[in-house]
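Everything quoted here is computed from the prediction, not taken from an experiment.
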Amino acid sequence: MNGPERLLDSGGVAVDRLPMLNVIFDRLASTFAESLRQLSATPPYISVSFIRNDRIGDTLEQYESTAIVAVLYSPELDARILMGFDRDFLFSMVDVLLGADGTEPPHEEDRAFSNIELRLAKVLFVEGAQSFQSAFSAIVPVTFRIERIETRMDFAVLGRRNNPAVVGSLLLQALGRGGELFVLIPQSVLTPFRHALARVTSSEPSSGDQKWARQFQTEVQRSAVTVNAILEELPMTLADVAAFKVGDVIELNATPRSMVRLDCNRQPLFHCLLGQADGAYTLQVEATATPDGMSVLDVVQTLP
């Protein structure tokens with residue numbers, strides 16, 4: 001390593017010399033927003049606000065008493081980064097995930113986070129860690145797991161507080177409200193990949209046939225699909241089924257207030273309430289189903 005490179009490493013590399021950072025954070029925003037759309041009926045929108053150089057201590061002081069952070073550890077890099085949500089982000093996502101319609105006033109009281117908010121924050125951090133893992137794979141294949149969650153910035157230690165870092169800020173928009181997600185990456189984590197981060201991305205691909213794209217979208221939206229409403233599923237053996245006789249009664253544990261799972265092509269879509277109107281059965285969508293068939297409320301209840 002020659003003299004100029006040593007000087008650059010000692011002072012940290014400016015983010016404008018690392019254009020791939022913009023690609024990583026753009027991918028994080030789009031991937032995280034898409035994963036949140038799978039958990040909520042109201043689609044949130046996430047965009048990159050800024051990416052800048054800062055000191056670890058200065059960033060933590062800025063979010064003291066106003067945010068909750070997760071320390072993410074990467075075994076491949078043997079390094080830790082911080083991902084955090086400010087209070088507005090978390091309160092907005094709690095409303096979104098629990099089915100609010102935006103008519104209620106936003107939370108403005110200065111209080112400690114409740115247990116339900118901390119559990120939902122863990123769900124969001126899991127999704128955020130997976131999204132950042134996918135985005136960072138543009139540079140090197142890595143995994144990120146949640147090491148711990150902190151509500152006090154004094155305990156969110158990544159090294160000396162005056163060490164240089166890169167801070168990326170993303171803005172959330174949902175239900176007419178907003179919030180901020182931030183990612184703090186020590187410069188020491190990025191230094192081994194400085195040359196890869198300095199790579200200039202190729203030019204944007206040419207736009208496709210817009211007329212064909214609109215026609216394709218129209219035809220897809222007109223496609224007929226079959227959905228199945230499942231009140232309850234009972235495990236049975238082939239011998240049990242073979243023993244059925246005309247007049248047998250199969251007892252169910254479900255009640256009129258039980259959730260009905262709505263499936264399409266064997267994929268769970270929604271959990272609904274059964275009703276009746278004008279002589280026909282109806283389904284009222286209550287929550288979005290996760291890929292394993294559970295609702296968002298079920299996910300929260302199963303968290304430790």
Nearest 0.5 angstrom please: [X] [atom1] to [Y] [atom2], how far?
| X | Y | atom1 | atom2 | answer |
| --- | --- | --- | --- | --- |
| I56 | Q187 | CD1 | CD | 9.5 Å |
| Q133 | S74 | CD | OG | 8.5 Å |
| C264 | F270 | SG | CZ | 10.0 Å |
| D248 | E251 | CG | CD | 11.0 Å |
| M259 | L273 | CE | CG | 4.5 Å |
| L60 | R152 | CG | CZ | 12.5 Å |

Legend entry - Criterion side chain to side chain donor-acceptor pair (under 3.5 Å) on Q62 and T59, from CA distance to verdict: CA-CA 5 Å; Q62 178 184 350; T59 299; 5.3 Å; no
Is any side-chain heavy atom of [X] closer than 4.5 Å to a side-chain heavy atom of [Y]?
| X | Y | value |
| --- | --- | --- |
| R119 | K122 | no |
| D54 | R52 | yes |
| I81 | L184 | no |
| N22 | V15 | no |
| V94 | F89 | no |
| L172 | L181 | no |
| V69 | M153 | yes |
| V183 | L28 | yes |

Closest approach of [X] to [Y] (non-hydrogen atoms, all atoms of both residues):
| X | Y | value |
| --- | --- | --- |
| F182 | A67 | CE2-CB, 4.0 Å |
| G178 | D88 | O-CB, 3.3 Å |
| A33 | P44 | CB-O, 4.2 Å |
| M20 | A138 | CE-CB, 4.3 Å |
| E180 | S169 | OE2-OG, 2.6 Å |
| N53 | A14 | OD1-CA, 3.3 Å |

Legend entry - Distance-only polar pair, side chains of Q38 and E34, donor-acceptor under 3.5 Å: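 There is such a pair (donor and acceptor under 3.5 Å, judged by atom type) between the side chains of Q38 and E34.
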Legend entry - Residue pair T191 / S188, side-chain donor-acceptor N/O under 3.5 Å: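 No, no side-chain donor-acceptor contact under 3.5 Å.
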Legend entry - Test log, rule side chain to side chain donor-acceptor pair (under 3.5 Å), inputs D86 and T66: CA-CA 6 Å; D86 71 357; T66 64; over 6 Å; no
Legend entry - Residues I185, L190; criterion side chain to side chain contact (heavy atoms under 4.5 Å, CB included); working and verdict: CA-CA 8 Å; I185 310 173; L190 300 177; 3.8 Å; yes
Examine [X] and [Y] and state if one hydrophobic cluster contains both, with Ile, Leu, Val, Met, Phe, Trp and Tyr joined whenever side-chain heavy atoms are less than 4.5 Å apart.
| X | Y | answer |
| --- | --- | --- |
| L171 | V48 | no |
| L269 | V96 | no |
| Y63 | I51 | no |
| F91 | Y45 | no |
| M83 | L97 | yes |

Inset, instruction - Using a strict cut-off of less than 4.0 Å between a Lys/Arg side-chain nitrogen and an Asp/Glu carboxylate oxygen, indicate whether E233 and R261 qualify as a salt bridge. - result: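 Looking at R261 together with E233, the answer is yes, because their closest N to O distance falls below 4.0 Å.
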Taking only residues two or more places apart in sequence, or in another chain, which ones meet [X] in a side-chain contact (heavy atoms from CB on, under 4.5 Å)?
| X | result |
| --- | --- |
| L234 | E232, M236, I250, L252 |
| T218 | R222 |
| Q217 | Q221 |

Legend entry - Centroid-centroid distance, F132 to F32, less than 6.0 Å: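 No, ring centres 6.0 Å or more apart.
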Inset, instruction - Decide side chain to side chain contact (heavy atoms under 4.5 Å, CB included) for L77 and V189; before the verdict, give the C-alpha distance in whole Å, the side-chain angles of both, and the deciding distance to 0.1 Å. - result: CA-CA 8 Å; L77 305 179; V189 177; 4.1 Å; yes
Inset, instruction - For L124 and L90, run side chain to side chain contact (heavy atoms under 4.5 Å, CB included): C-alpha distance rounded to whole Å, both residues' side-chain angles, the deciding distance at 0.1 Å, then the answer. - result: CA-CA 9 Å; L124 296 174; L90 183 56; 4.1 Å; yes
Inset, instruction - Could you walk me through whether C272 and Q284 pass the side chain to side chain contact (heavy atoms under 4.5 Å, CB included) test, one step at a time? - result: CA-CA 5 Å; C272 312; Q284 178 180 344; 5.7 Å; no
Check residues 141-148 and write down every donor-acceptor pair under 3.5 Å in which the side-chain atom is one partner and the other belongs to a residue at least two apart or another chain.
| from | atom 1 | to | atom 2 | distance (Å) |
| --- | --- | --- | --- | --- |
| T143 | OG1 | E76 | OE1 | 3.0 |
| T143 | OG1 | E76 | OE2 | 3.0 |
| E147 | OE1 | R80 | NE | 2.8 |
| E147 | OE2 | R80 | NE | 3.1 |
| E147 | OE2 | R80 | NH2 | 3.0 |
| R148 | NE | E150 | OE2 | 3.1 |
| R148 | NH2 | F155 | O | 3.1 |

Inset, instruction - Kindly check if the number of other-residue, nucleotide or ligand heavy atoms within 6.0 Å of OH (Y281) is above 12? - result: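 Not buried by this count: 12 neighbours or fewer within 6.0 Å.
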Legend entry - Heavy-atom neighbours of Q215 CD exceed 12 at 6.0 Å: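 No - once you tally the heavy atoms of other residues, nucleotides and ligands closer than 6.0 Å, there are 12 at most.
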Legend entry - With sequence neighbours excluded, residues passing side chain to side chain donor-acceptor pair (under 3.5 Å) with Y73: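 Y73: side chain to side chain donor-acceptor pair (under 3.5 Å) contacts with D78.
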Review item, side-chain donor-acceptor pairs of residues 158-167, under 3.5 Å, at least two apart:
none

Tell me if a side-chain donor or acceptor on [X] pairs with a main-chain N or O of [Y] at a distance below 3.5 Å.
| X | Y | value |
| --- | --- | --- |
| T237 | D240 | yes |
| E219 | F216 | no |
| D95 | S92 | no |

Legend entry - Of T226, V227, I230, the residue whose pairing with D263 passes side chain to side chain contact (heavy atoms under 4.5 Å, CB included):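 Only one of T226, V227, I230 forms a side chain to side chain contact (heavy atoms under 4.5 Å, CB included) with D263, namely I230.
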